[in-house]
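See below for the structure under consideration.
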Amino acid sequence: VEATNACAAALCNMGQIHGCRKEMLALGLIRVISRLMRSGPPETRRLCTLCLTTLSFQKDLRAALLKEGALRTIGAVVQRREDPELTRQGAYALLSFAFDPQTREDVVAEDALPALMGLLDRGGGAGSVDDATCANSLMALCNLLADPATCPQVLEAGVLLKLVGFTA
């Protein structure tokens, strides 16, 4: 576990250094990070989520992140809502993809829409989300609704009913 956490920390540090980001993609490290996000110990999952979130902020890296399955992995982490910090970071990454006109359609195609919709379930207790996470989800969903390319799928998924229920 300690060795895995150390490797995840090293990858996360690489993701923070602008000059290393493209090399991480070229070496296939995003696939490794995604695998660790799904199956690693809690601290490793936190570090890997932070790394992918940081990378998702870089517009020029999003296409490569999509190719490596990062969006699908982030969506699954958000949908599970096992850890509030992982959910918060993942929602922020999903917002980055939904905000970008070049990757908006991928949010729907990579099954991240249910994760965003699930963040509107504000019931208390385990799995509840904070206001910032909910706001990121709302902004992402609004971006998806406003785009003619994604609007039909978003409407079909029942987002309007979810929004009405959220505001009631």
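Count residues from 1 along the sequence.
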Does the side chain to side chain contact (heavy atoms under 4.5 Å, CB included) test come out yes or no for Leu47 and Ile33, once each step is laid out? CA-CA 9 Å; Leu47 290 166; Ile33 293 168; over 6 Å; no
Could you please spell out the steps behind the side chain to side chain contact (heavy atoms under 4.5 Å, CB included) verdict for Val159 and Leu120? CA-CA 10 Å; Val159 169; Leu120 299 182; 5.9 Å; no
Show, in sequence, the C-alpha distance, side-chain angles and deciding distance for Thr49 and Glu85, and conclude whether the side chain to side chain contact (heavy atoms under 4.5 Å, CB included) test is met. CA-CA 9 Å; Thr49 302; Glu85 183 59 29; over 6 Å; no
Are Leu163 and Leu138 close enough, and set up right, to give a side chain to side chain contact (heavy atoms under 4.5 Å, CB included), and what steps lead you there? CA-CA 8 Å; Leu163 290 174; Leu138 284 168; 3.5 Å; yes
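A side-chain donor-acceptor contact under 3.5 Å links Arg45 to the backbone of Gly40. Within the 3.5 Å criterion, the main-chain N or O of Ala91 finds no donor-acceptor partner in the side chain of Asn136. Counting only distance, with no hydrogens or angles, the side chain of Thr133 and the backbone of Val129 share no donor-acceptor pair below 3.5 Å. Counting only distance, with no hydrogens or angles, the side chain of Ser137 and the backbone of Leu116 share a donor-acceptor pair below 3.5 Å.
The shortest non-hydrogen separation linking Ala115 to Gly75 is CB-O, 3.3 Å. Glu110 and Leu66 get closest at one heavy-atom pair: CG-CD2, 4.3 Å. Residue Ala157 comes nearest to Leu113 through the heavy atom pair CB-CD2, 3.5 Å, listed as atom of the first residue, atom of the second, then distance.
Taking Ile, Leu, Val, Met, Phe, Trp and Tyr as members and joining any whose side-chain heavy atoms lie under 4.5 Å apart, directly or through other members, Leu50 forms no hydrophobic cluster with any other residue.
Counting heavy atoms from C-beta on, the side chains of Asp147 and Val154 never come closer than 4.5 Å. Asp111 is not listed as a side-chain neighbour of Leu71, based on a closest heavy-atom distance of 4.5 Å or more. Taking the side chain as every heavy atom from C-beta outward, Leu94 and Val78 approach each other to under 4.5 Å.
Following chains of ILVMFWY side-chain contacts shorter than 4.5 Å, one can reach Val107 starting from Leu155, so the two form part of one hydrophobic cluster. In this structure, Leu11 is a member of the same hydrophobic cluster as Leu25, with clusters built from ILVMFWY side-chain heavy atoms closer than 4.5 Å. Cluster membership check: Leu95 does not share its hydrophobic cluster with Val77, using side-chain heavy-atom separations under 4.5 Å among Ile, Leu, Val, Met, Phe, Trp and Tyr.
For Thr73, the side-chain hydrogen bond (donor to acceptor under 3.5 Å, both in side chains) test picks out Arg38, with sequence neighbours left out.
How far CE of Met14 is from SG of Cys51: 8.5 Å, rounded to the nearest 0.5 Å. To the nearest 0.5 Å, the span separating SG on Cys7 from CD on Glu2 amounts to 12.0 Å. To the nearest 0.5 Å, the span separating CG on Leu52 from CD1 on Ile74 amounts to 5.0 Å. The distance from atom CE of Met139 to atom CZ of Phe99, rounded to the nearest 0.5 Å, is 9.5 Å. Taking CG from Asn5 and OG1 from Thr44, the interatomic distance works out to 3.5 Å, rounded to the nearest 0.5 Å. Here CE of Met117 is found 11.0 Å from CG of Leu144. Values are rounded to the nearest 0.5 Å.
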Report all side-chain donor-acceptor pairs from residues 55-65 shorter than 3.5 Å, counting only partners two or more places apart or in another chain.
residue : atom : partner : partner atom : Å
Ser56   : OG   : Thr53   : O            : 2.7
Lys59   : NZ   : Asp100  : OD1          : 2.9
Lys59   : NZ   : Asp100  : OD2          : 3.4
Asp60   : OD2  : Lys22   : NZ           : 3.3
Arg62   : NE   : Ser56   : O            : 2.6
Arg62   : NH1  : Asp100  : OD2          : 2.7
Arg62   : NH2  : Ser56   : O            : 3.2
Arg62   : NH2  : Phe57   : O            : 3.4

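With a 6.0 Å radius and a threshold of 12 heavy atoms from other residues, nucleotides or ligands, Glu105 has its CD atom at or below the threshold.
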